[in-house]
Amino acid sequence: DTGVSQDPRHKITKRGQNVTFRCDPISEHNRLYWYRQTLGQGPEFLTYFQNEAQLEKSRLLSDRFSAERPKGSFSTLEIQRTEQGDSAMYLCASSLPGASNNEQFFGPGTRLTVL
Amino acid sequence: AQKVTQAQTEISVVEKEDVTLDCVYETRDTTYYLFWYKQPPSGELVFLIRRNSFDEQNEISGRYSWNFQKSTSSFNFTITASQVVDSAVYFCALKGNTPLVFGKGTRLSVIA
């Protein structure tokens, strides 16, 4: 399978715990994006990498959230001290080099439930 | 600010009917791109189409067609002869000089 993959697919955690998600983009894609999607809403942009550089972060990305892409390949999104409001689907997407308007290809998402 | 409005929250049609999903956008950018994505029950967003602001030609791909009208800031999506497999949530999205902005989606149910 050469699509975007995410791990885990589901995560249930207790409030206050830290969680980390992983995203593996399509291999030739140098841009990688993280989004959050809550029930009944469209995806909301969180952050974006071009290679290993994190170029943009949304106001939605509080200090408890951190994303990395150390070698310009896979990326991790960590949420520290989780809160019930963090419960959502976390989506990763990647796109080809070149224009920033290239279509983004999405992974299956990680569904986070904070109890 | 960029904004995408999908006024139809849910639509139900009977199989073989045609259905149009509406999308209205707001942007101050002169160059921008519009997208449609499909999110089936499995959850993975599937890219359907990208259209840039300088190309108002309508596009047809099989049973799918898109009508882009800059004058009304709309980018509507029509499915002809709908099928049960078309049941999904459909998102319209906009990209100008900011990150991709999605509408809230329209849930389409096609009943056999």
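Naming: A, B, ... by sequence-line order, numbering from 1 per chain. Atom set for the values below is all heavy atoms of this structure, side chains included, hydrogens, waters and symmetry mates excluded.
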Could you list which of residues 58-65 of chain B have a heavy atom closer than 4.5 Å to any heavy atom of chain A, in residue-number order?
-> none
Where along residues 100-112 of chain B does a heavy atom come under 4.5 Å of chain A, listed by residue number?
-> Leu100(B), Phe102(B), Gly103(B), Lys104(B)
Applying a strict under-4.5 Å side-chain criterion to I, L, V, M, F, W and Y, I'd like to know whether [X] and [Y] cluster together.
X        : Y        : value
Ile79(B) : Ile49(B) : yes
Phe77(B) : Tyr33(B) : no
Tyr33(A) : Val46(B) : no
Leu60(A) : Val4(B)  : no
Leu46(A) : Met89(A) : no

Contacts of type side-chain contact (heavy atoms from CB on, under 4.5 Å), residue Glu56(A), not counting sequence neighbours = Phe45(A), Tyr48(A), Pro99(B)
I'd like to know whether [atom1] of [X] has more than 12 heavy-atom contacts from other residues, nucleotides or ligands below 6.0 angstrom.
X        : atom1 : answer
Arg15(A) : CZ    : no
Lys11(A) : NZ    : no
Glu28(A) : CD    : yes
Lys3(B)  : NZ    : no
Glu68(A) : CD    : no

Chain B-proximal positions within residues 106-113 of chain A [heavy-atom distance under 4.5 Å] =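 Hits under 4.5 Å: Phe106(A), Gly107(A), Pro108(A).
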Minimal heavy-atom distance between Glu103(A) and Phe35(B), with the atoms involved, is CA-CE2, 3.8 Å
Mind listing the closest non-hydrogen atom pair of Phe91(B) and Gln37(A) along with its distance?
-> CZ-NE2, 3.3 Å
Could you tell me whether the side chain of Tyr37(B) reaches within less than 4.5 Å of the side chain of Pro43(A), counting heavy atoms only?
-> no
Using non-hydrogen atoms only, which part of Gln6(B) is less than 4.5 Å away from chain A: side chain, backbone, both, or neither?
-> neither
